[in-house]
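Scroll down for the structure; my scribbles are underneath it.
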Amino acid sequence: MRQQTTAPIDQIKGWILAKHENRTDVAADEDLIDNRLVDSLSFVEFVFLIQELSGVEIDMDTLDIGDVRTLAAIQKRFLAG
Amino acid sequence: MSGSSPSVPRVGVDIVLISRAEDLVRPERRRVLSHMLRPEEIAACTRQGRLDPSAVAGFLAVKEAVFKLFHQRDRPVPWHSLRVDGGAGRWPVVQLDGTSAELAEAAGMKSEISVSVTHDGAYAVAVAATMIRS
């Protein structure tokens, strides 16, 4: 029996949507910070989630916000390859 | 952070819903909270052996208000290098080291930081003020 797995980027999108019940989708190029889908209080948990799903250790002191500003940027920087 | 060049005031303000701090003090979220507050800050937010969400919200609001003084858009809040010494009945005092000290220098901060925090109902609000080289 085949098991279906959810792609990491969809898990990240699901995490965002779970925190914003008024939303049904997040566009790949939507700015998560400027649109307050991720704010400073949820940011730490958000980065932990990316870290967990990508297996990439992220130093939050040196992190460039541009690398996590959109789902497309996260996919490119942390989940590609 | 001193000198004779002209300076201008700068303020930062932040508001934190105490219900969000209630979420952060849950045992399963302790890893996240520990990334935001230093052990001594967590100790200062502990009342009778339990983390007080209202105090946690106040500390987080102070840190975010201070971070706004740096005018940084592309950096996350450097939570641990922004140290808050405070607690029930004491005026909060902020000290910067590491990344926060570098950001303060880059922002042209030339004086100490003054902070004030208040709680009412569902919210904690903090204001931070300093002088910036113009």
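This structure is a prediction, so every number in the text was calculated from the model and none was measured. Lettering follows sequence order; numbering is per chain, from 1.
- Taking A27(A) as the reference, D29(A), E30(A) meet the side-chain contact (heavy atoms from CB on, under 4.5 Å) condition, with sequence neighbours excluded.
- Top candidate by heavy-atom pairs under 4.5 Å with chain B, chosen from I33(A), L41(A), V44(A), is L41(A).
- Along residues 8-18 of chain A, no residue comes nearer than 4.5 angstrom to chain B, judged on non-hydrogen atoms.
- Here the CG-CZ distance, from L63(A) to R77(A), works out to 8.5 Å after rounding to the nearest 0.5 Å.
- If you measure heavy-atom distances from D34(A) to chain B, the contacts under 4.5 Å come from the side chain alone.
- A donor-acceptor pair is defined here as one N or O able to donate and one able to accept, closer than 3.5 Å; such a pair exists between the side chain of T130(B) and the backbone of E112(B).
- The shortest heavy-atom contact between E41(B) and R38(B) is OE1-N, 2.7 Å.
- A single hydrophobic cluster is seen to contain both V13(B) and Y123(B), as judged by linkage of ILVMFWY side chains at heavy-atom distances under 4.5 Å, directly or through other members.
- Minimum interatomic distance between P92(B) and V117(B) (heavy atoms only, all atoms of both residues): CG-CG1, 4.0 Å.
- Using a 4.5 Å cut-off between side-chain heavy atoms of Ile, Leu, Val, Met, Phe, Trp and Tyr, with links allowed through other members, I50(A) and L79(A) fall into the same hydrophobic cluster.
- Summarising the geometry of R90(B) relative to G86(B), their closest heavy-atom pair is NH2-O, 2.9 Å, with the distance given to 0.1 Å.
- A heavy-atom distance below 4.5 Å is found between the side chains of R20(B) and D39(A).
- Using a 4.5 Å cut-off between heavy atoms, D59(A) does not touch chain B at all.
- Inspection of non-hydrogen atoms places L60(B), E64(B) of residues 42-71 of chain B under 4.5 Å from chain A.
- In plain terms, the two heavy atoms of M109(B) and R133(B) that are nearest each other are O-NH1, 4.3 Å.
- Hydrophobic cluster membership differs between I113(B) and V93(B), with clusters built from Ile, Leu, Val, Met, Phe, Trp and Tyr side chains linked at under 4.5 angstrom.
- Smallest separation of non-hydrogen atoms from H20(A) and L37(A): NE2-O, 2.8 Å.
- At a heavy-atom separation below 4.5 angstrom, chain A is approached by R73(B), D74(B), R75(B), P76(B), V77(B), P78(B), W79(B) within residues 73-85 of chain B.
- Minimum interatomic distance between M36(B) and S40(A) (heavy atoms only, all atoms of both residues): CE-O, 4.2 Å.
- At least one side-chain heavy atom of F78(A) sits under 4.5 Å from a side-chain heavy atom of V68(A).
- A continuous path of Ile, Leu, Val, Met, Phe, Trp and Tyr side chains, each step under 4.5 Å between heavy atoms, connects V56(A) with I74(A), placing both in one hydrophobic cluster.
- Both the backbone and the side chain of R31(B) come within contact range of chain A, judged by heavy atoms closer than 4.5 Å.
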